[in-house]
Amino acid sequence: MKFNIKKNGIYSFAFATAVSLTACTGDLNVTPIDPNLDTPENVLTSTEAYNQMLAKCYSGLSVSSPDGDSGDPDIKGIDGGFGQYLRALFNLQELPTDEAVIGWNDQTLRDLHGLQWTSSDVFVSACYSRVFYQISLCNEVIRQIDASGSNDALMQQYRAEARAIRGLSYLHAIDLFGNVPFTDETSAVGGGAPQQMSRSELFNWLAKDMEETADLLPANPEKYRAGKGLCYMILAKLYLNAAVYTGTANYQKCAEYCQKVIDLGYQLESAEDYWKLFCADNDQMLGTGHEIIFSVYQDHINTQAYGGTTYIINAEVGSKMDYLAYGLGGSGWGGLRVTPQFVDKFESADQRAKFFTDGQSKEIIDIGDFFSGYAFTKFTNLKADGSILSDANSFPDTDFPVFRLGDVYLMMAECEVVGGVSCGGVEKFNAIRTRAGVDAIASPSKMDILNERARELAWECHRRSDLVRFGLLTSGDYLWAHKGMNSNVGTPHAVDSKYNLFPLASSDVTSNTNLVQNPGY
């Protein structure tokens, strides 16, 4: 049974209507539009109704409002544009790194690249609130299915899908925020402030939950839905970063789950098809037999929001760039560029070096000037054949690839080179390089692995996590343009190690006495 991810028409039940969530001190409070009509008892009367309820968990990754880009956002007090899930995640995972700078002077946005945010930073709070809102949505789906008492196989699959989507958000929570407020389906709605769970405790809970969930999901799910591959990827990411999350590395388990993904039948795309992974009809590259394991649906009519690939593609286009050449229906926003240190990682033959240089300086002379720094055009709204949609507008059809097999190959390379696990990782590392058009490296070093991850996975929301794992995000051992700087003042420098973690939202810490703020904030 399929569900439609559309901006209108799928949220006609109490669960996904007017939600007020300015802080995450309690699990999802449900406020029906019409309490006489839209209550769970009245609406959740069929399997299809639960299917639509589950759709909100998926669409919560795509849109900020059930009413499209002009509607009120799900979370009050947070701008619906920069509070969209993928945009918020991109800002926190990419802007503090060597992979991206942004020229806009919106509130505290530049503090992200300067690694100098505070506990009241609005962009940090936007991501924090969105992650825990998403967790609450998934909890409610599980809770309502449990309350139904149904053992129907389809209903139990919906329950497992909600667990998997919740697991993705808890992966982001443990990675970005560390010790976090914890709720699950057993937490009472409005039942008081959540307790804080330590990073290592959450690691253990999430690993167990995803192992159980994987057994309940199909190996080859419908497009855009959770399957075993999503759970295995969450587990692989957990164990890849185990040393950061728990203090003890576990590359062996990471390699095991990477192999489980491969065994499902996902395939690396050819060199000729590589750019189809990042174009307007990249859904053709989704699912077993292809490279994309899980992606977030984007559509220029049905998921209009100022986040996701709408944000990435529009923000990467500006200056002398022809917006039609990138499949847009109007001029870009002129914001995102890359640092010269990122540019220097690419060999001339590397097909992934998609830089626009005409009129652009390689150096970041003025971070507020789009002409400072090369534009990076990895994502486009062109179709795979190079054509543009006849009704193209500023909202792309390009899905965001959350997980793909290229990452699996590079994780296995790290497991072998860094973790000493014999898993064919070097061979897989070189499969990625040769696809890109560059020579193999017989004995790659630890830094070769990290640099290859930058080239292959740029702007896919992995870079900050990778730099933290390799001990380079805050240290002086690796500097990039404007690292630690306030706009154009001074020179790049090391920063306080507290910036390896983001703070819990200050509003949440203030209102929930169970929470202890991360050190240094």
Side-chain angles (χ1 to χ4, degrees), residues 5 54-55 57-63 84-94 99 127 130-131 134-135 137-138 161-176 206 210 213-214 217 220-238 240-241 257-258 260-261 264 266 268-269 276-280 282-288 290-299 303 305 307-313 378-379 396-411 453 456-466:
I5 303 178
L54 175 64
C57 298
Y58 287 97
S59 65
L61 300 172
S62 301
V63 298
Q84 190 275 333
Y85 197 107
L86 287 177
R87 179 168 176 170
L89 182 66
F90 183 97
N91 284 341
L92 267 57
Q93 285 285 50
E94 297 293 348
E99 286 190 353
C127 189
R130 180 56 66 176
V131 165
Q134 187 74 9
I135 288 168
L137 293 180
C138 296
E161 288 181 61
R163 286 175 72 178
I165 299 301
R166 179 181 67 183
L168 179 64
S169 289
Y170 265 127
L171 177 66
H172 295 149
I174 193 175
D175 187 72
L176 296 168
L206 185 54
M210 289 301 95
T213 304
L217 288 171
N220 186 18
E222 293 176 1
K223 280 187 176 181
Y224 305 111
R225 300 188 78 145
K228 293 183 185 299
L230 174 59
C231 294
Y232 292 155
M233 284 299 294
I234 293 169
L235 286 159
K237 287 291 183 182
L238 267 180
L240 180 72
N241 293 287
Y257 282 107
C258 285
K260 284 180 178 289
V261 173
L264 291 173
Y266 292 95
L268 207 66
E269 304 297 344
K276 294 179 182 179
L277 293 165
F278 314 107
C279 71
N282 60 349
D283 62 298
Q284 298 175 30
M285 306 289 110
L286 171 62
T288 54
H290 290 286
E291 184 163 342
I292 299 176
I293 298 159
F294 182 76
S295 63
V296 174
Y297 176 75
Q298 301 274 261
D299 181 270
T303 59
T309 56
T310 298
Y311 171 48
I312 295 171
I313 297 172
K378 175 174 182 172
F379 289 90
D397 286 55
T398 309
D399 300 331
F400 185 82
V402 176
F403 294 129
R404 60 185 178 87
L405 197 64
D407 188 11
V408 174
Y409 275 32
L410 293 176
M411 283 195 285
R453 289 187 63 81
E456 178 65 23
L457 301 171
W459 288 16
E460 295 181 50
C461 296
H462 302 290
R463 186 59 172 171
R464 177 201 143 271
S465 303
D466 291 344

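Counting begins at 1 with the first residue of the sequence.
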**Asked** Heavy atoms, side chains only, cut-off 4.5 Å: are Asp175 and Arg464 in contact?
**Response** yes
**Request:** Check whether any side-chain heavy atom of Lys276 sits under 4.5 Å from a side-chain heavy atom of Glu291, and report yes or no.
**Result:** no
**Prompt:** Got a second to check how far Asp397's CG is from Thr309's OG1, nearest 0.5 Å?
**Reply:** 8.5 Å
**Asked** Do you know the tightest heavy-atom contact between Pro401 and Ser295?
**Response** CA-CB, 4.0 Å
**Message:** Which label fits Tyr257 and Tyr232: parallel for a plane angle under 30°, tilted from 30 to 60°, or perpendicular past 60°?
**Reply:** tilted
**Item:** Evaluation steps, ring-ring contact (aromatic ring centres under 6.0 Å, His included), between Tyr58 and Tyr224
**Value:** CA-CA 8 Å; Tyr58 287 97; Tyr224 305 111; 9.0 Å; no
**Request:** Show your reasoning for whether side-chain contact (heavy atoms from CB on, under 4.5 Å) applies to Thr303 and Gln298.
**Result:** CA-CA 6 Å; Thr303 59; Gln298 301 274 261; 4.1 Å; yes
**Request:** Show your reasoning for whether side-chain contact (heavy atoms from CB on, under 4.5 Å) applies to Phe403 and Leu168.
**Result:** CA-CA 11 Å; Phe403 294 129; Leu168 179 64; 3.8 Å; yes
**Message:** Given 3.5 Å as the limit, does a donor-acceptor pair link the side chain of Ser62 with the main chain of Tyr297, or not?
**Reply:** yes
**Item:** Leu86 versus Gly308, closest heavy-atom pair with distance
**Value:** CB-CA, 3.8 Å
**Request:** Carefully, step by step, assess Ile165 and Leu137 under the rule side-chain contact (heavy atoms from CB on, under 4.5 Å).
**Result:** CA-CA 10 Å; Ile165 299 301; Leu137 293 180; over 6 Å; no
**Message:** If I take atom CG from residue Leu277 and atom CD from residue Gln284, how far apart are they, to the nearest 0.5 angstrom?
**Reply:** 11.0 Å
**Complete:** Here the pair of heavy atoms bringing Leu230 nearest to Ala164 is CD2-CB, 4.0 Å
**Prompt:** Roughly how far, to the nearest 0.5 Å, is CD of Glu94 from CD of Glu460?
**Reply:** 8.5 Å
**Check: Val408 and Ile293 side chains under 4.5 Å, non-hydrogen atoms** = yes
**Asked** Any side-chain heavy atom of Glu456 within less than 4.5 Å of one from Tyr409?
**Response** no
**Asked** Could you go step by step and tell me if Met285 and Asp399 meet the side-chain contact (heavy atoms from CB on, under 4.5 Å) rule?
**Response** CA-CA 10 Å; Met285 306 289 110; Asp399 300 331; over 6 Å; no
**Request:** Start with the C-alpha gap between Arg453 and Glu99, add the side-chain angles, then the distance that decides, and say whether salt bridge (Lys or Arg N to Asp or Glu O under 4.0 Å) holds.
**Result:** CA-CA 11 Å; Arg453 289 187 63 81; Glu99 286 190 353; over 6 Å; no
**Request:** Mind checking the CG-CG spacing from Leu240 to Leu235? Nearest 0.5 Å is all I need.
**Result:** 12.5 Å
**Request:** Indicate yes or no: at least one non-hydrogen side-chain atom of Cys461 is less than 4.5 angstrom from one of Phe400.
**Result:** yes
**Message:** Quick one, Lys228 and Lys260 - any side-chain contact, counting heavy atoms below 4.5 Å?
**Reply:** no
**Fill in**
Note: Leu206 and Gly167 closest approach over all heavy atoms is CD1-CA, 3.7 Å
**Message:** I'd like to know if Glu269 pairs up with Arg404 as an ion pair, taking the criterion as any Lys NZ or Arg NE/NH1/NH2 lying under 4.0 Å from an Asp or Glu carboxylate oxygen.
**Reply:** no
**Request:** Enter the distance from Met233:CE to Leu405:CG here, rounded to the nearest 0.5 Å.
**Result:** 8.0 Å
**Message:** Parallel, tilted or perpendicular, judged at 30° and 60°: which one describes the rings of Tyr85 and His172?
**Reply:** tilted
**Message:** Minimum heavy-atom separation for Ser465 and Gln93, please, with both atom names.
**Reply:** OG-NE2, 2.9 Å
**Prompt:** Can you tell if the side chain of Lys237 reaches within under 4.5 Å of the side chain of Asp407, non-hydrogen atoms only?
**Reply:** yes
**Request:** For residues Phe294 and Leu61, determine if any side-chain heavy atom of one lies less than 4.5 Å from a side-chain heavy atom of the other.
**Result:** yes
**Prompt:** How long is the span from the SG atom in Cys57 to the CZ atom in Arg225, to the nearest 0.5 Å?
**Reply:** 11.0 Å
**Prompt:** Between Gln84 and Arg87, which heavy-atom pair has the shortest distance, and what is it?
**Reply:** OE1-N, 2.9 Å
